[in-house]
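In the text below, chain A, chain B and the rest are named by the order of the sequence lines, each starting its count at 1.
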Number of protein chains: 2
Amino acid sequence: MIDSAEPQSSLRRALGLLRLVGAAEAGGIRLKDLAEQAGCSQPTAHRALQDLAAEGFVEQIGKRYRLALDFFVLAARAGHADGLRDLAKPVLLRLSATLTDTIFLLVRNGYEAVCLDRIEGPFPIRSFTGDIGGKVPLGLGQGSLAILAHLPEAEREAVIRFNVPRLLDRGFLDEAGLRVELEKAREQGWVNLNTGLIPGMAGLGVPVFDAQGRAVAALSVGTLADRLRPERLPGVVAILKAEAATLGAMLNPFDTALRHPSRSLSSVA
Amino acid sequence: MIDSAEPQSSLRRALGLLRLVGAAEAGGIRLKDLAEQAGCSQPTAHRALQDLAAEGFVEQIGKRYRLALDFFVLAARAGHADGLRDLAKPVLLRLSATLTDTIFLLVRNGYEAVCLDRIEGPFPIRSFTGDIGGKVPLGLGQGSLAILAHLPEAEREAVIRFNVPRLLDRGFLDEAGLRVELEKAREQGWVNLNTGLIPGMAGLGVPVFDAQGRAVAALSVGTLADRLRPERLPGVVAILKAEAATLGAMLNPFDTALRHPSRSLSSVA
DNA sequence: CTCAATAATTCCGTTATATGAAATTTATTG
DNA sequence: CAATAAATTTCATATAACGGAATTATTGAG
């Protein structure tokens, strides 16, 4: 309803509906509300939803629409987009095995960091990003901060401008505090904050740089504050940084592949 | 190209394109090939892709289109459909902590089982379903078999009819072998196969029943064959079955909630 | 570096189909 | 079991989706 620019094409409208279905509570959403929120007539919404359902993107349980599992399956492939998730899998597994803590792989996506993968440690960790597919504003959480800190200055400033209000909203750092943390992160090359969701929890994040030296992702660890005390911290930092470097190095060849893509694409099943 | 029924609406066509983008190799797919595979003109594909990109469902890297991360983020919510994933999280965490093996949560989706969640154990497991969002024909893999075995007869037969060719394709059980396994699974209430992807790996699956007693999901464990030898196996079975029962019981109340949904839905942000 | 060749994008007249009002059926609620 | 509200269907209309053809950009070869 806050939308100003009305999408003009039927496709845009339908995708908006799809988004609304995704945003709905777990129980699903009714046609009436959908039409209202989308600002279109009920018949229009109805037809779009029928098509969406026919293609397996939404399902209709009784009178309520929700995202279908097929959609989930299709979208899981989006994470594979640049192969990062597959490349990072062994890295995450190694980290998980070595540190026995919860490990996160975050990627930058505009003003946010998205959790691309996560391996659970023995302690249940509540992170800002939540589960796989979750996102946070850049600047909130260790990995997210690590990415932001190492962005090119102009870009970083743009993100800060955009995100500071959102961070305040969520009751965390104000701009001054954020800048202090960013400065520290840039100096150290890693982020260690104890301002987790739960007292006693802590985390550590390091940036991952691609071939062009841009901070495109982050590896991070979530654990008990106890497990990041001075005697263990440096070791964890070293391990994380090493794996981040490994991952960054693997980003190289693939990026090259993108510039000179194989033409095996035409033979898709 | 095998399609017979041409979708009549522009929306169906566009969703088909989206699906093709998802099916494309990691490097993305070009407009030309997309149009060709979808059986529509290039301008049509182009316009649809522009809209898809504008809504954040696909992204254009150079001349190639791929699924966007926004899409991934949106779809993460699809797994929450009936709240199963959230409900199961503590169950998976407990299992992971108790067994220190890789734990899978599978849900039935038509003729397939979809991996809704997965917690990594210390040994890297290659499963049929692969990662979260992966799917397998019902009947392939322990959890998948567990679900199939406990479906109502008519439904089970329908699935078998449909899936046997696909199982053969993938070089696994023929119909006779499958039926033997199903019979055993039904008698035991659990599935233990050593026909994993890698020799030396094994798995164990148990069905999860909803309030109506239908096998809607499965919990399974993937580990080293060594760790499922007779002295440990019964314990693991007992633990898995207990957690499956717990999870099944939790399915109850929510199902009720679906029948009498709260009207808090109208207040979606 | 220049010149094909191929793909991406834009234009445009035509037509298919997306649209909302109104009517009809189906569910929900008091 | 009414009475109300939501979901669907119908239908005449207008829109925006369509593909052929033209244009521009990209890629590859000589």
Side-chain angles (χ1 to χ4, degrees), chain A residues 5-18 20-21 24-25 27-55 57-66 256-268, chain B residues 3 5-18 20-21 24-25 27-55 58-66 256-268:
Chain A
E6 293 288 327
Q8 61 289 49
S9 78
S10 65
L11 177 52
R12 297 285 295 271
R13 264 186 292 270
L15 294 176
L17 284 169
L18 186 53
L20 286 172
V21 173
E25 295 303 315
I29 183 170
R30 287 174 318 165
L31 183 61
K32 163 82 179 328
D33 299 321
L34 222 31
E36 186 174 326
Q37 289 176 37
C40 68
S41 74
Q42 229 169 89
T44 297
H46 182 251
R47 274 182 309 251
L49 269 292
Q50 293 304 319
D51 282 347
L52 252 0
E55 291 288 337
F57 284 74
V58 306
E59 61 183 355
Q60 196 175 357
I61 305 288
K63 303 269 110 179
R64 306 183 100 88
Y65 295 92
R66 51 156 82 154
T256 308
L258 274 183
R259 289 159 194 285
H260 306 291
S262 79
R263 75 181 45 84
S264 69
L265 293 174
S266 42
S267 62
V268 167
Chain B
D3 288 328
E6 294 288 326
Q8 59 288 50
S9 76
S10 64
L11 177 52
R12 297 284 296 271
R13 266 185 293 269
L15 294 175
L17 284 169
L18 185 53
L20 286 172
V21 173
E25 295 302 317
I29 182 170
R30 288 174 317 165
L31 183 61
K32 162 84 178 326
D33 299 321
L34 221 32
E36 186 174 326
Q37 289 176 37
C40 68
S41 75
Q42 231 169 88
T44 297
H46 182 253
R47 276 182 307 250
L49 268 292
Q50 293 305 319
D51 283 348
L52 253 0
E55 290 288 337
V58 306
E59 60 182 356
Q60 195 175 359
I61 306 287
K63 304 268 108 179
R64 307 182 100 90
Y65 296 91
R66 53 155 84 153
T256 309
L258 272 185
R259 291 159 195 283
H260 307 288
S262 79
R263 75 181 43 84
S264 69
L265 292 174
S266 41
S267 62
V268 166

* Kindly determine whether B:Gln37 and B:Ile29 satisfy side-chain contact (heavy atoms from CB on, under 4.5 Å), including the steps that lead there. => CA-CA 11 Å; B:Gln37 289 176 37; B:Ile29 182 170; 3.7 Å; yes
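- To the nearest 0.5 Å, atom CD of residue A:Gln8 and atom CG of residue B:Asp51 are 6.5 Å apart.
- Here the P atom of nucleotide D:dA7 and the CG atom of A:Leu17 are 13 Å apart, to the nearest Å.
- Atom CG in A:Leu52 sits 10.0 Å away from atom CD in A:Gln50 (nearest 0.5 Å).
- Across the protein-nucleic acid pair, A:Gln37 atom CD and D:dA6 atom P stand 14 Å apart, rounded to whole Å.
- Partners of B:Gln60 under the side-chain hydrogen bond (donor to acceptor under 3.5 Å, both in side chains) rule, at least two apart in sequence or in another chain, are B:Tyr65.
- Within the model, atoms CD of A:Glu55 and CG of B:Leu11 stand 7.5 Å from one another, a figure rounded to the nearest 0.5 Å.
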N/O-N/O pairs, protein side and nucleotides 12-19 of chain C side, under 3.5 Å:
unit_1: C:dT17; atom_1: OP1; unit_2: B:Gln8; atom_2: O; d: 3.3
unit_1: C:dA18; atom_1: OP1; unit_2: B:Ser10; atom_2: N; d: 2.9
unit_1: C:dA18; atom_1: OP1; unit_2: B:Ser10; atom_2: OG; d: 3.3
unit_1: C:dT19; atom_1: OP1; unit_2: A:Arg13; atom_2: NE; d: 2.7
unit_1: C:dT19; atom_1: OP1; unit_2: A:Arg13; atom_2: NH2; d: 3.1

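- Qualifying side chain to side chain contact (heavy atoms under 4.5 Å, CB included) partners for A:Ala45, counting only residues two or more places apart in sequence or in other chains: A:Leu17, A:Leu31, A:Ala35, A:Cys40.
- Here B:Lys63 pairs with nothing under the side chain to side chain contact (heavy atoms under 4.5 Å, CB included) rule; sequence neighbours left out.
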* Dot-bracket for DNA chain C, 5' to 3', with Watson-Crick and G-U pairs under 3.5 Å, [ ] for crossing pairs and | for other-strand pairs: what is it? -> ||||||||||||||||||||||||||||||
Atom pairs, protein N/O to nucleotides 6-8 of chain C N/O, distance under 3.5 Å:
unit_1: C:dA7; atom_1: OP1; unit_2: B:Lys32; atom_2: NZ; d: 3.0
unit_1: C:dA8; atom_1: OP1; unit_2: B:Leu31; atom_2: N; d: 3.3
unit_1: C:dA8; atom_1: OP2; unit_2: B:Lys32; atom_2: N; d: 2.8
unit_1: C:dA8; atom_1: O3'; unit_2: B:Lys63; atom_2: NZ; d: 3.3
unit_1: C:dA8; atom_1: N7; unit_2: B:Gln42; atom_2: OE1; d: 3.4

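- Rounded to an integer number of Å, the gap from A:Arg64 CZ to D:dA6 C1' is 12 Å.
- In this structure, B:Leu34 CG and B:Leu18 CG are separated by 9.5 Å, a value rounded to the nearest 0.5 Å.
- In this structure, B:Asp33 and B:Leu20 have side chains that are not in contact, with every pair of non-hydrogen atoms separated by 4.5 Å or more.
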